[in-house]
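Below is one structure; the comments refer to it alone.
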Amino acid sequence: MTAAGGLLTSIPPYVVLAVAALAVLALPRRAGHAAAALATAFTFGQAVLLGDGGTGAHLATQLFGFDVVFFNVDQFSLLMGVVVGFLATAAVLYAYGTEAPTWVTAFALIYVSSTVGTIYAGDWLTLIFFWELMAVTSTLLVWQYGGAAVRAGYRYALFHGIGGTFLLGAVVVHFANAGTFLFSATTGIHPAATLLAAIGIGINCGFVFLHTWLPDTYPRPHVAASVFLSVFTTKTAAYVMYRAFPEGGMWLAYLGGIMAVYGAFFALLQYDPRRLLSYHIQAQLGYMLAGFGLATYVGEFAVTGGFAHLFNNVLYKSLLFMAVGVVIYRTGVEDIRDMGGLWREMPVTFLVYLVGAASITAVPGFNGFISKGMVIDSAHEVHNVELLFGEGLLWWLLILGGVGTFMSFIKLGYYVFFHGSATLKPKDATPFQTAGMVLAGGACIFFGTPLTYGFLVELMPFTAEVAPELHPYSTSHLTESAALLVAGFVGFFALKRPLGWLAHRMPDVDAVTYPAMFYLGRASIWGVTELWAAVDRAVMGAVGVIEWTAMHPREALGRAGVDAEIRTGIGRSVLFLTVAAGVVLFVFVLS
């Protein structure tokens, strides 16, 4: 590698992204967005170059006396760098085409910068710093839009603040037991910190009952902001979960299976398109965590499947948010029941939606088919809890999640693009919106076809070990995919009416937890303030009594029934002591 190339590959990409965020604010809109796109493209290109040139720790130093690595390059961080840089470039183009305010793009870039810092951290101390910065910058990106996004952003900040506190606790416990923050010195997080790390990272992953910030927040901000938000926090959390638990665990695999079913089920009940997609973030994270959890049972094949699904999800999930965002941007409508018939009015957006929907539902020929198949194949090896046809519970959970995913995107496509004749006459996507969607959609196809899916495998960790075992276009896989597709179609049209009935009667846990936390918080504040006021009244009353007694000692003693002669002697003594104390204080001040 040339000296210039070596210099380029040694610059932390998050620094470049942070500078570009400032450029977006300082430069005219077109020039600022061009700088933003160049910075994200630099992040992508640097990861590709580093992948060709080998791996190793960069910027290893000491901070506050601790060994840290600010720029850690290995097969996992490079994989994340490639997909984050690529998608961020597409998202910047999309933001420009959606007329997003420059503040949206600036906050989005600093959010991407903190995400990249988390990805390339080589130790837990650096990671927790960027992890917390990621929470702050993403909150600013939500708040920028104002209105309902402010309250949602406040709840979002509370969730991530609590999660960050748990993770910080895990990092402290890890250091106390391991004596180091470096990833290279230990395997994952120390067992003593397991619970704290699982909760702290699990909030960002959207564990069931810790997930409500997802559908609450992502439908609220600017549609361009939703594209950024939909992929970086949660996928970075999945990556950090692997860093913490590289050897997996069936507890993590089963949590993933439950998330796949839970997220798909609640997605089916939604009529806000971005809320529907947000629930599917949780469901898709379930497949990733199932793959990572199965490392202890299946090995490297499952881990590779989890990372492949993470990589693919960044592409198709952002693509779906882009397509839905175009519809909202052009129509101003955010209830899919008020849409319909738009496939004729918005053919480009419709085709892009089809690519995204086919990818997330694992239709053959699209990238989700490869990675989801790998995770389901891994679950096929687990028979500790057998159910129908000799298959295990985890396998059935992932299959049910797959059927629910098919049903959800049949529902979303049906209501938005078909569902009667078009009553709206919107324009199609703008050129820059189209450019962003074509980049993401083209990658979804490229990494999924029978001829080119090998490029996806080459990007993954453990390629040499996994490639000989991977046969995604086998008859059994194609049959399974066809069965899921048929079940999805039949399930949606057979259950369309019951699902509509349930949508108004099946609230998520936030219907209980949010009011409970609100009133608990208000009661706590009232209790603390009233207790403080009572203590304050008691103390001030006591001080008043003491002060009056000191100023009127004879009257006080008289009230206490003390003899007059004794009162006079005590009064003189108090007066003498008061004067003496004043003289001492005066001398002390002068000295």
Side-chain angles (χ1 to χ4, degrees), residues 79 83 201-202 204-208 211 214 230-231 234-239 241-242 245 248-267 277-295 297-298 301-318 320 356-363 366-382 391-409 444 447-448 456 460-461 466 470 472 477 480-481 484 488:
L79 168 68
V83 73
I201 304 168
N204 280 26
C205 283
F207 278 1
V208 174
H211 69 282
L214 261 169
S230 67
V231 291
T234 49
K235 308 318 173 294
T236 303
Y239 162 79
M241 187 69 79
Y242 178 77
F245 304 103
M250 291 308 297
W251 64 271
L252 185 59
Y254 276 110
L255 272 174
I258 293 168
M259 288 167 63
V261 175
Y262 192 98
F265 173 74
F266 274 96
L277 292 177
S278 298
Y279 273 109
H280 267 294
I281 294 175
Q282 181 193 32
Q284 295 300 303
L285 276 159
Y287 288 91
M288 300 169 211
L289 299 184
F292 298 156
L294 286 169
Y297 203 98
V298 179
F301 188 88
V303 174
T304 302
F307 269 105
H309 206 62
L310 187 161
F311 184 95
N312 288 335
N313 188 265
V314 170
L315 298 171
Y316 60 65
K317 180 60 66 176
S318 60
L320 288 164
S359 299
I360 196 172
T361 54
V363 171
F366 298 87
N367 60 351
F369 175 72
I370 309 299
S371 54
K372 187 180 283 188
M374 294 176 73
V375 176
I376 291 175
D377 276 357
S378 300
H380 182 72
E381 304 297 322
V382 179
E391 295 291 351
L393 173 61
L394 180 60
W395 186 87
W396 276 108
L397 288 173
L398 298 179
I399 289 296
L400 286 174
V403 173
T405 301
F406 265 114
M407 292 173 66
S408 300
F409 288 94
C444 290
F447 290 119
L456 173 66
M460 294 301 116
V466 169
L470 184 60
H477 284 117
E480 183 181 89
S481 179
L484 288 176

For this session: Answer whether the closest heavy-atom distance between the side chains of Leu289 and Phe245 falls below 4.5 Å.
Result: no

Seminar exercise, completed: In this structure, CH2 of Trp396 is separated from CD1 of Ile376 (nearest 0.5 Å) by 11.5 Å

Exercise. Under 4.5 Å between any side-chain heavy atoms of Tyr239 and Lys235, yes or no?
Worked result: no

For this session: Determine whether Asn312 and Leu456 make a side-chain contact, defined as any pair of heavy atoms from C-beta on separated by less than 4.5 Å.
Result: yes

Exercise. Would you say the side-chain atoms of Ser481 pair up with the backbone N or O of His477, donor to acceptor, closer than 3.5 Å?
Worked result: no

Exercise. Which value, rounded to the nearest 0.5 Å, describes the distance between Lys372 atom NZ and Tyr287 atom OH?
Worked result: 4.0 Å

For this session: Identify the heavy atoms of Cys205 and Met241 that sit nearest to each other, and give their distance.
Result: SG-CE, 4.0 Å

Seminar exercise, completed: side chain to side chain donor-acceptor pair (under 3.5 Å) filter on Ser408, not counting sequence neighbours, yields His280

Exercise. Heavy-atom distance under 4.5 Å between the side chains of Met250 and Leu294, does that happen here?
Worked result: yes

Exercise. Can you tell me how far CG of Leu285 sits from CG of Leu255, rounded to the nearest 0.5 angstrom?
Worked result: 12.0 Å

Exercise. For Gln282 and Tyr262, which heavy atoms make the closest approach, and how far apart are they?
Worked result: OE1-CD2, 3.6 Å

For this session: May I ask you to test the Val363-Phe369 pair for a side-chain heavy-atom distance under 4.5 Å?
Result: no

Seminar exercise, completed: So CG of Leu394 and CG of Leu397: to nearest 0.5 Å the spacing works out to 6.0 Å

Exercise. Can you tell me how far the CG atom of Leu393 sits from the CG atom of Leu398, to the nearest 0.5 Å?
Worked result: 9.5 Å

Exercise. Is any side-chain heavy atom of Phe307 closer than 4.5 Å to a side-chain heavy atom of Tyr242?
Worked result: yes

Exercise. Shortest non-hydrogen contact from Ser371 to His309?
Worked result: OG-ND1, 2.8 Å

For this session: Please find out if less than 6.0 Å separates the ring center of Phe311 from that of Phe447.
Result: yes

Problem set entry | Residue pair Ala302 / Val298: nearest heavy atoms and the distance that separates them | CB-CB, 4.0 Å

Problem set entry | Min side-chain heavy-atom separation Leu214-Thr234 under 4.5 Å | yes

Exercise. Taking atom CG of Leu310 and atom CD of Gln284, what is their separation to the nearest 0.5 Å?
Worked result: 11.0 Å

Problem set entry | Residue that, paired with Met460, satisfies side-chain contact (heavy atoms from CB on, under 4.5 Å) out of Val466, Leu470, Leu79, Val303 | Leu79

Exercise. Looking only at heavy atoms, what is the nearest atom pair of Asn367 and Ser359, with distance?
Worked result: OD1-CB, 3.2 Å

For this session: Name all residues meeting the side chain to side chain contact (heavy atoms under 4.5 Å, CB included) criterion together with Ser230; count only those two or more places apart in sequence or in a different chain, and write none if there are none.
Result: Ile281, Lys317, Phe321

For this session: Looking only at non-hydrogen atoms, find the nearest pair between Gly306 and Phe292 and report the distance.
Result: C-CE2, 3.7 Å

Problem set entry | Contact check, side chains of Ile399 and Glu480, non-hydrogen atoms, under 4.5 Å | yes

